[in-house]
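Single-structure report; data block below.
Residue numbers begin at 1 in each chain, while the letters A, B, ... track the order of the sequences.
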Amino acid sequence: MSLESTKPVNINYQKIWQTVLCIPKGRVASYGQIADLAGLPGKARLVGRALGFAPKKLNVPWQRVINSQGKISFPIGSEYFDKQKGLLQSEEIVVLNGRIKLKEFQWQPDLTELLFTLQY
DNA sequence: TAAGTGACGGAGG
DNA sequence: GCCTCCGCCACTT
């Protein structure tokens, strides 16, 4: 029976997790940015979903991914908002009213570095 | 098959 | 800076 290939999109999830793992401590990236780097331009929503499915053992730094406006994508005051804010602040990233200054903290990946890190 | 749903993005007011 | 609307796309019902 067709158990195996149930969901081919999982391959994309792994690309996304790989890319997120490349974000250095103290930096952030937007969902769209991750989608682009993962070879999935325009699929920012997929990134959000992938992070929700990311297994804990992978230790994916999901907190370093925010939306294109530089804001945390959870409602202010929610459990996950507080968790993400706390994690970011522990990396010395400034979070003001759920917002992060992209100008200061956005990750600007080095292409050559990426070529060595990403294996696809 | 169609309609609904989102950890999104961009344009416009 | 904030909000709304619309396009988008994978997934669910």
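- Nearest to the side chain of A/Arg99, among B/dG9, C/dG1, C/dA10, sits C/dG1.
- Separating the CZ atom of A/Arg45 from the P atom of B/dG10 is a distance of 13 Å, rounded to the nearest angstrom.
- Between A/Leu88 and A/Val94, the closest side-chain pair of non-hydrogen atoms is not below 4.5 Å.
- At whole-Å resolution of the value, CG in A/Leu102 and C1' in B/dG9 are 13 Å apart.
- Within the 4.5 Å cutoff, no side-chain heavy atoms of A/Pro75 are placed close to those of A/Phe81.
- Taking atom CD1 of residue A/Ile16 and atom C1' of nucleotide B/dA7, one finds them 12 Å apart after rounding to whole Å.
- Rounded to an integer number of Å, the gap from CG of A/Leu51 to C1' of B/dC8 is 12 Å.
- Spacing between atom CG of A/Asp36 and atom P of B/dC8 amounts to 16 Å, rounded to whole angstrom units.
- Residue whose closest nucleotide on DNA chain C sits further toward the 5' end, between A/Phe53 and A/Gly42: A/Gly42.
- The aromatic rings of A/Phe74 and A/Trp62 sit perpendicular to each other, their planes meeting at more than 60°, with 30° as the lower class boundary.
- By the 4.5 Å heavy-atom criterion applied to side chains, A/Gln33 and A/Gln106 are counted as neighbours.
- You'll find that the side chain of A/Ser30 is closest to B/dG9, out of C/dA10, B/dA7, B/dG9.
- Closest to the side chain of A/Ser68, from the set C/dC9, B/dG10, B/dC8, is B/dG10.
- When the nearest nucleotides of DNA chain C are assigned to A/Arg49 and A/Lys71 by heavy-atom distance, the more 5′-ward of the two goes with A/Lys71.
- Side-chain N/O atoms of A/Lys43 include none lying less than 4.0 angstrom from OP1 or OP2 on C/dC8.
- Ranking B/dG9, C/dA10, B/dA7 by closeness to the A/Leu46 side chain, first place goes to C/dA10.
- We find that A/Glu91 and A/Arg64 are joined by a salt bridge, their nearest charged nitrogen and carboxylate oxygen being less than 4.0 Å apart.
- Nucleotide C/dG1 holds its P atom 13 Å from the CD1 atom of A/Ile76, rounded to whole Å.
- At whole-Å resolution of the value, CD1 in A/Ile100 and C1' in B/dA7 are 13 Å apart.
- Rounded to whole Å, atom P of B/dC8 lies 13 Å from atom CH2 of A/Trp62.
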